[in-house]
Each structure stands twice: as C-alpha cells, then as structure tokens.
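Presented below is the structure to which this report refers.
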Amino acid sequence: MIKFFLMVNKQGQTRLSRYYEHVEINKRTVLEAEVIKNCLSRSKDQCSFIEYKDFKLVYRQYAALFVVVGINETENEMAVYELIHNFVEVLDKYFSRVIMFNLDRVHIILDEMVLNGCIVETNRNRILAPLLVLDKVAES
C-alpha cells in the first residue's frame, strides 16, 4: 500500500504531497525533511529504492523534480517505480509546460491513479477523461 506521494524540487521544497494514512502536520514536516534529505543526497548511480524506518521509499528524478513515494513492505517496488513514470507521462501529456500553477489538476490526475493508497488506474486516456470533461465545461 502507498503511504504517501511527494513531488519535491532540487532545493528540497515540497511541491505536492498526498498522504494515504493519517500523519499529524508537524510529523509530516519532519518526515518530508528526512525523506527529501535521503533522496537528494543519493547519486544517480545508486538504487532508487531506500529502506527507511518501517517503510520503503521509491523515487525517480526528472530534471529538477523528484517524485518520492512511501510504501509498506508488501508493495511491489517496481510497480510503484513504473507508476511514478506513468504519472509523469500523464502530466506531460496533459500539461504543455507549467505544472505548478495547476496543482488542482495534478491532484485530480493523482486521485484518478491512486485511491486510498492503492493503484487503481494506469490507462492514460481514462486518467485524463475527467479533466478533458472539466476543460470542455470550462470552455462553454
């Protein structure tokens, strides 16, 4: 099961966070700081899977952006690694450039892919269908 999903820039600033288990706000801040420190300190040659406390971290770097997912022991790391790539490809397909000004849309995309910590959809067309409907309604 997925515990949390983070998008972080190279400066260590969290751009998007979604938690699938309750974590208090002050503990989130500490958790994110430690997770970001662990991922940013690793070289590109090192594995993208890290065992951290009672869960695992799976991350991928895209230019200046890191996508980090915290998972429990039973989740398949490679499936989550591919989920991250699929998520970024969906973002790339929907947005031409600027993502950070459209975080509501990014949350919709993530919610279409992951529900309560479980991967529910990977088909790009089905993921984007609700957004395309919203775009058509907004145009009219």
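For this chain, numbers begin at 1 and follow the sequence in order.
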Sequence neighbours left out, what passes side-chain hydrogen bond (donor to acceptor under 3.5 Å, both in side chains) with [X]? Give chain and number order.
| X | result |
| --- | --- |
| E89 | H85, R124 |
| R28 | none |
| E112 | none |

Please report the shortest heavy-atom distance between [X] and [Y], naming the atom on each side.
| X | Y | value |
| --- | --- | --- |
| F55 | L31 | CZ-CD1, 3.7 Å |
| I50 | C39 | CD1-SG, 4.2 Å |
| V114 | V120 | N-CG2, 4.2 Å |

Counting only heavy atoms from other residues, nucleotides and ligands, does the tally under 6.0 Å from CG of N26 exceed 12? yes

Could you tell me whether Q46 atom CD has more than 12 heavy atoms of other residues or ligands within 6.0 Å of it?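 Enclosed: over 12 neighbouring heavy atoms sit under 6.0 Å from CD of Q46.
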
Tell me whether the NZ or CZ atom of R60 lies within the 45° cone about the ring axis of Y81 and under 6.0 Å from its centre. yes

Could you work out, with side-chain contact (heavy atoms from CB on, under 4.5 Å) as the rule, every residue matching [X], not counting sequence neighbours?
| X | result |
| --- | --- |
| V88 | Y62, V67 |
| E77 | F49, K56, V58, I71 |
| S17 | L6, T14, Y19, E32 |

Exercise: do T74 and N72 side chains pair donor with acceptor under 3.5 Å: yes

Quick one, L16 and F5 - any side-chain contact, counting heavy atoms below 4.5 Å?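 Touching, per the 4.5 Å side-chain cut-off.
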
